[in-house]
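In what follows, a single structure is set out as structure tokens and then discussed.
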Amino acid sequence: MQTSTRNDLLLNRSRAAVWHPCTQMKTHETLPLIPIARAKGCWLYDFDGNRYLDAISSWWVNLFGHGNPRINAALADQLDRLEHVILAGFTHEPVVALSERLSRLTGGSLGHCFYGSDGASAVEIALKMSFHYWRNSGHPDRTQFVSLTGGYHGETLGALSVTDVPLFKDTYAPLLRTSTQLPSPDWRRAEQGESAQDFAVRCADALEHYLREHHTDTAALIVEPLVQGATGMAMYDAEYLRRARAICDRYAVHLIADEIMTGFGRTGTLFAYEQAGIMPDFLCLSKGLTGGYLPLSVVLTTDKVYQAFYDDALTRGFLHSHSYTGNALACRAALATLDIFEQDRVIESNRLKAADISAGCRVLASHPRVENFRNTGMIWAFEIAGDDPDFPKTFWQRALARELLLRPIGNTVYFMPPYVVNPDEIDLLINRTLDVITQI
Ligand SMILES: Cc1ncc(COP(=O)(O)O)c(C=O)c1O
């Protein structure tokens, strides 16, 4: 008789008691969960001596490795001072310091920070704030939102309303507000011979065309700047953002930058919008904000928006809240994360690291089964030719058997490693991915 390992025991308890996210639980009858006992740097370890390279940064959140000593130390210090306090009527040092610092990182343009917990709550906040701004400003008809085809903004009902991923959205359609999706500048959709930039211009023309007719009832355009993650790492030219900003200005429509995935260096600059030389009206941040440690999200906005709520009348205020708004521990983790960016000049060093990784990936890019190989900052993605509906599951399993945590989206395989990934780990990632591709 085979004895149960500690892995088996935990995964059976987990299957019985935990309803896992984004999962058909029945698949775990045949596809085992991976119980993680501990983690360090880029590696996750189970109870039975197996390890996995976290090549997707634990759902795109981890920046400086698991068990980072600097973030750990900041949290330990904060634990002895204040773990949490209600943020309505009270305030504390970490939330003030973080707000000041984030504002400085936008050059002071987005000087007001409103906190949530997860990414989706930040999207809800930005949508409600935009709508309420227009209402407070004498434009109550501006109630509609525009987003891009293939866009993803989270799973709560408001965020899902502006999302365009049928797998997540269709079931809940009767619960959602209608919103308009305009062509995404994802360069894979460009015509033969059309450059990414020309295609971006064509998509921006479609936006202009739409807003010319519909601006009087449109509150905001929401976009994932430069990379649309959940649809399969669709990448696009910054020209789209430049034009979208100008068009939104022309028609007095807000631009919401959902940088929940792209923020904090993922696209090569601290925020992706910087590459277009623009400033959004609302900036949604989460994921990497705490270095992947604790749930925290924030919406930054302008003084103009803030002032439209500043009034004697209670109902002109933004009466939105979450119990853990501005959690002190999470804010402290975020401050420690920003310290690392500054002290280690992470944006600059990532540039060199990304160039090395891209050079190492040439062998992948030229593989006969690899299509659309692409890179933006610290994200690499490609499609594997074929039409096997089980591809993501098969790839996932074969990658795990080679110590890699990779989670394809459809036929798209992507690497989004923590920034502390080292050259040996990158070699291992590339070589073993090649191995999986060759055998699949
Ligand atoms: C661009 C974008 N917006 C919003 C979200 C939702 O964030 P959360 O899962 O923390 O609610 C995600 C999550 O992947 C995202 O990538």
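Below, each value reflects all heavy atoms present in this structure, side chains not excepted, and no hydrogens, waters or symmetry copies. Atoms within a ligand are numbered from 1 in the order they appear, just like the ligands themselves.
- For ligand 1, the atoms closer than 4.0 angstrom to any heavy atom of Gly154 are 4 (C), 6 (C).
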Give the intermediate values and the outcome of side-chain hydrogen bond (donor to acceptor under 3.5 Å, both in side chains) for residues Asn72 and Tyr293. CA-CA 9 Å; Asn72 287 0; Tyr293 265 65; 2.5 Å; yes
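- Summary of contacts: the protein heavy atom closest to atom 3 (N) of ligand 1 is Asp258 OD2, 2.7 Å.
- Ring-centre distance between Phe114 and Tyr306: not below the 6.0 Å cut-off.
- For the residue pair Tyr251/Thr218, the side-chain donor-acceptor check at 3.5 Å is not satisfied.
- The aromatic rings of Trp43 and Tyr45 are tilted relative to each other, their planes meeting at an angle between 30° and 60°.
- Of the protein's heavy atoms, Gly119 N, 3.4 Å lies nearest to atom 8 (P) of ligand 1.
- Under 4.0 angstrom from ligand 1, the non-hydrogen atoms of Lys287 all belong to its side chain.
- Contacts of Glu224 with ligand 1, taken as heavy-atom pairs under 4.0 Å, involve the side chain alone.
- Taking every non-hydrogen atom of Ala120 and a distance limit under 4.0 Å, the qualifying atoms of ligand 1 come out as 6 (C), 7 (O), 8 (P), 11 (O).
- Between Tyr324 and His84, the ring planes are tilted. Angles from 30° to 60° get that label.
- The proximity of Trp60 to ligand 1, defined as any non-hydrogen pair under 4.0 Å, is limited to the side chain.
- Close approach of ligand 1 to Met261 (heavy-atom distance below 4.0 Å) involves ligand atoms 16 (O).
- For the residue pair Ser349/Tyr419, the side-chain donor-acceptor check at 3.5 Å is not satisfied.
- Of all protein heavy atoms, the one lying nearest to atom 15 (C) of ligand 1 is Tyr152 CD2, 3.7 Å.
- Residue Val123 has no N or O atom closer than 3.5 Å to an N or O atom of ligand 1.
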With side-chain contact (heavy atoms from CB on, under 4.5 Å) as the test, would you mind laying out the steps for Phe382 and Thr433 before giving the verdict? CA-CA 12 Å; Phe382 52 90; Thr433 301; 4.1 Å; yes
